[in-house]
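Reading through the structure tokens given below for one structure.
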Amino acid sequence: MKRFIHRLRIILHPLCLYSVVGVLATLVIYFHAYSPREVVTRQPLPFSHATHTAPHLVNMQCQRCHRGAEQGTGAGLPADSVCMECHRHILPDDPRLLPLHAAANPDSPVYSATPVYWVRKAPLPAHVHFHHARHTRAGITCAECHPTPDTPTPHTMSACLDCHRKHALPVNCDACHH
């Protein structure tokens with residue numbers, strides 16, 4: 001019993017307790033700081049790709065708004081005037097669309113010509129070069145890279161390489177990296 005009490009005193013020694021508490025606190029802080037979190041992106045007004053592209057709803061093609069996908073490097077975000085082509089007549093009095101009317105509808109009482117600034121949800125790293133038009137012209141559909149456009153899709157190098165190998169395309173590094 002004396003031996004047990006002696007070991008207990010060593011374990012409960014303040015220096016040991018402070019060390020254990022310090023290690024536990026460090027682990028909690030580390031895992032809290034480096035654990036992945038869902039990033040919620042606040043956009044200037046509500047938007048749903050599903051509403052605009054679903055076959056049983058509006059059934060718009062991606063290139064209707066992302067016109068750069070067929071012609072340029074980036075698919076691009078639509079200009080406010082592109083949205084107003086439809087929304088001047090569809091849901092014209094919806095209060096959720098006030099920022100759009102303020103930006104691009106000169107007939108609106110809230111018109112200020114202040115553009116709507118969208119937040120890009122899935123940016124590529126600066127060292128990666130991706131040419132949308134090259135892929136669009138090759139017959140790659142938007143859904144192959146963006147299966148759920150309302151949810152940011154992490155674009156990984158392995159996914160790109162898998163697709164290139166599947167279609168027997170080159171996988172040389174300098175085609176995408178600069």
Supply the atom-to-atom distance [X] [atom1] to [Y] [atom2], rounded to the nearest 0.5 angstrom.
X: H101; Y: S112; atom1: NE2; atom2: OG; value: 12.5 Å
X: L169; Y: C163; atom1: CG; atom2: SG; value: 7.0 Å
X: R88; Y: L97; atom1: CZ; atom2: CG; value: 13.0 Å
X: D162; Y: H167; atom1: CG; atom2: NE2; value: 11.0 Å
X: E70; Y: H135; atom1: CD; atom2: NE2; value: 15.0 Å
X: S108; Y: D93; atom1: OG; atom2: CG; value: 9.5 Å

Verify, without hydrogens or angle tests, whether [X] (side chain) and [Y] (backbone) share a donor-acceptor contact under 3.5 angstrom.
X: E144; Y: T141; value: yes
X: H132; Y: A75; value: yes
X: D94; Y: R96; value: yes

- Kindly indicate, with the supporting measurements, whether the criterion side chain to side chain contact (heavy atoms under 4.5 Å, CB included) is fulfilled by R64 and E85. CA-CA 11 Å; R64 171 87 166 85; E85 289 172 9; 2.9 Å; yes

- Task: Mind checking ring pair (Phe, Tyr, Trp, His ring centres under 6.0 Å) for H87 and listing every partner two or more places apart, or none if nothing turns up?
- Result: none

- Message: With a 6.0 Å cut-off (strictly less than), is the heavy-atom count around CE of M157, excluding the residue itself, greater than 12?
- Response: no

- Go through the steps for R134 and I140 under the test side chain to side chain contact (heavy atoms under 4.5 Å, CB included), then give the verdict. CA-CA 9 Å; R134 185 180 303 154; I140 306 296; over 6 Å; no

Considering non-hydrogen atoms only, spot the tightest contact between [X] and [Y] and give its length.
X: P78; Y: H66; answer: CD-CE1, 4.1 Å
X: Q63; Y: C142; answer: NE2-SG, 3.9 Å
X: D80; Y: L100; answer: O-CD1, 3.7 Å
X: S81; Y: A104; answer: N-CB, 4.0 Å
X: C65; Y: M60; answer: SG-CE, 3.6 Å

- Cluster overlap V116 with I90, hydrophobic side-chain contacts below 4.5 Å: yes

- Message: Hydrophobic cluster membership, with links at side-chain heavy-atom distances under 4.5 Å among I/L/V/M/F/W/Y: are V82 and L77 in one?
- Response: no

For residues 43-59, dump all side-chain donor-acceptor pairs below 3.5 Å to protein atoms at least two apart in sequence or in another chain.
from	atom 1	to	atom 2	distance (Å)
Q43	OE1	V119	N	2.8
Q43	NE2	V119	O	2.8
S48	OG	A50	N	3.3
S48	OG	T51	N	3.2
S48	OG	T51	OG1	3.3
S48	OG	D150	OD2	3.4
H49	ND1	D150	OD1	3.1
H52	ND1	S48	O	2.8
T53	OG1	H49	O	2.8

- Would you say V128 and H155 make side-chain contact, with heavy atoms under 4.5 Å? no

